[in-house]
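I have placed the structure first, in the form of structure tokens, so that the comments after it can refer back to it.
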2 protein chains.
Amino acid sequence: MRVSRAQAQANREMVINVASRLFRERGFDGIGLKDLMKGAGLTQGGFYKQFESKEDLAALASRRAMESATRRWSSAIASSPDPLQEVIDFYLSAGHRGETGDGCPLVALGSDAARQSAEVRRPFEDGIKAHLQVLEELMPAGGAGDVSSKAMAALSLMVGAVTLSRILVDEKLSDRLLEAAAAEMKRIAASEPAD
Amino acid sequence: MRVSRAQAQANREMVINVASRLFRERGFDGIGLKDLMKGAGLTQGGFYKQFESKEDLAALASRRAMESATRRWSSAIASSPDPLQEVIDFYLSAGHRGETGDGCPLVALGSDAARQSAEVRRPFEDGIKAHLQVLEELMPAGGAGDVSSKAMAALSLMVGAVTLSRILVDEKLSDRLLEAAAAEMKRIAASEPAD
DNA sequence: ATTATCTATAGATCTATAGATAATGC
DNA sequence: ATTATCTATAGATCTATAGATAATGC
């Protein structure tokens, strides 16, 4: 029954990874410890030897999800000649809209996160700050408004757009909303009216 | 024990109103039927004579919450010489950020709603469409982009901004984010860079 | 000997149903 | 007689804990 320390550590990491996906898919209250542990091939009883509480896991899984999302942004930017367009293309896409378990945690858990304790909200906050830093680098200095404000507006726009696009049953409207947000993103970055 | 038909109808409405608040405060999975009924001064047992299921109540309460939010927008607009500013002032405010139970359902339940069945998502969709119509009237025709796209971007921006502002533990950053979104709203409406 | 994970369980809560109660409405 | 609401309960699930088991690590 007992496994090596290395395996135990790997199991712990596995549980956090599984949780970061399942919490995004079903919400913090939508999945129980039994299913979270089962997702990692373990049973419920071992949970409290690895984690203090479900809330503790929620905080760890949220941090991991946000860090993964930030890495995704960074790598999208590093690999493209038009970094802003790259971010817009993957974030405001039908693919991301459908990808609830692996997509942006701010979209998958935004309203859930707002109801959590500071312990769980902090990882989201750190992730938001990291996202804003990435966005600031994509915003041209000078022009209208400071880059910090532009980044905050841009992140709000993108998170809001994908959230709304996931709620909509009307797929055409959902598509149009993502397109409208993409167009607006370019306007924010360009600091001038489109067309 | 039995009450008049009029009273029974009033009780039903009361449960829906209570639910529209409590779901927003705690999420669909964060409150049980017992507490929902208790909030209306009733007991759990009567629930299924009034509603088909918890999901049925979720749909009804979501519709009521969205309709109430739409009315709030309409009345803010009707009563002001600068309607857009009025919407920005109440929506992107610290007051609205703190008002989870009575504030915008798209913010309070956005990520929860995205995980619900079409039955529950539809009321949100109808509310989104109503909000977009109101916003379209506030967007000047001509200029950059069509009013429909501008309204979609504006709603996404506002919903995203208040959602993020509620997650943030850092209140100063939360305030600045709301301000940045307000500034961006004016740019969208004006169709030209600020400053 | 230590300990990672297991089975088992406590005690609370969840949605939903059954049947009793008592007031309405015919 | 009908019916809105009540108490009570079924059966499932939730978080958390207790103690057994068996493999690791000294």
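Since the structure is predicted, the reported quantities are computational estimates derived from the model, not experimental observations.
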Ionic contact status for B/Asp112 with A/Arg115, cut-off 4.0 Å: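 Here A/Arg115 pairs with B/Asp112 in a salt bridge, since their nearest N and O are under 4.0 Å apart.
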
Ion pair A/Glu125/A/Arg122, N-O distance below 4.0 Å: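 Salt bridge between A/Glu125 and A/Arg122, a charged N being under 4.0 Å from a carboxylate O: no.
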
More than 12 heavy atoms from other groups under 6.0 Å of CD on A/Glu171: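 Open: at most 12 neighbouring heavy atoms sit under 6.0 Å from CD of A/Glu171.
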
How about NZ on A/Lys129, more than 12 heavy atoms from neighbouring residues, nucleotides or ligands closer than 6.0 Å, or not?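 Yes, NZ of A/Lys129 has more than 12 neighbouring heavy atoms, counting only those of other groups under 6.0 Å.
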
Under a plain distance cut-off of 3.5 Å, with no hydrogens placed, do [Y] and [X] share a side-chain donor-acceptor pair?
X        : Y        : value
A/Gln9   : A/Glu13  : yes
A/Asn11  : A/Gln7   : yes
B/Thr100 : B/Arg166 : no
B/Arg64  : B/Ser68  : no

According to a hydrophobic-cluster definition based on side-chain heavy atoms being under 4.5 Å apart (Ile, Leu, Val, Met, Phe, Trp, Tyr only), do A/Met158 and A/Val134 belong together?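 Looking at the clustering, A/Val134 is in the same group as A/Met158.
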
Donor-acceptor contact present, side-chain A/His96 to main-chain A/Leu92, <3.5 Å: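 No, because the side chain of A/His96 does not come within donor-acceptor range (under 3.5 Å) of the backbone of A/Leu92.
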
Residues in side chain to side chain contact (heavy atoms under 4.5 Å, CB included) contact with B/Glu52, at least two apart in sequence or another chain: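 B/Asp56.
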
For DNA chain D, which nucleotides open and close the run of contacts to chain B, 5' to 3', at under 4.0 angstrom from a non-hydrogen atom?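 Contact span on the strand: D/dT2 to D/dT7.
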
Name every residue in [range] that has at least one heavy atom under 4.0 Å from any atom of DNA chain C, in order of residue number, or write none if there are no such residues.
range                       : result
residues 31-60 of chain A   : A/Leu42, A/Thr43, A/Gly45, A/Gly46, A/Lys49, A/Gln50
residues 111-122 of chain B : none
residues 14-21 of chain A   : none

Nearest-nucleotide 5' precedence on DNA chain C, B/Gly30 against A/Arg2: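 Going by which nucleotide is closer to the 5' end, it is A/Arg2.
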
Between B/Val3 and A/Arg5, who's closer to the 5' end of DNA chain C by nearest nucleotide?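 Residue closer to the 5' terminus by nearest nucleotide: A/Arg5.
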
What do the steps show when you test A/Leu57 against A/Phe47 for side-chain contact (heavy atoms from CB on, under 4.5 Å), and what is the final call? CA-CA 10 Å; A/Leu57 177 61; A/Phe47 183 86; 3.6 Å; yes

Steps toward side-chain hydrogen bond (donor to acceptor under 3.5 Å, both in side chains) verdict (B/Ser20, B/Arg24): CA-CA 6 Å; B/Ser20 91; B/Arg24 274 180 279 183; 3.1 Å; yes

Which one of A/Glu99, A/Glu67, A/Glu86 satisfies the salt bridge (charged side-chain N to carboxylate O under 4.0 Å, His left out) criterion with A/Arg72?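 It is A/Glu99, the one option of A/Glu99, A/Glu67, A/Glu86 that forms the salt bridge (charged side-chain N to carboxylate O under 4.0 Å, His left out) with A/Arg72.
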
Walk me through whether B/Ser149 and B/Asp146 qualify under side-chain hydrogen bond (donor to acceptor under 3.5 Å, both in side chains). CA-CA 6 Å; B/Ser149 294; B/Asp146 58 305; 2.7 Å; yes

Report the secondary structure of DNA chain D in dot-bracket form, marking unpaired bases with a dot and bases paired to a different strand with |, and treating Watson-Crick or G-U pairs with both distances under 3.5 Å as paired. ||||||||||||||||||||||||..

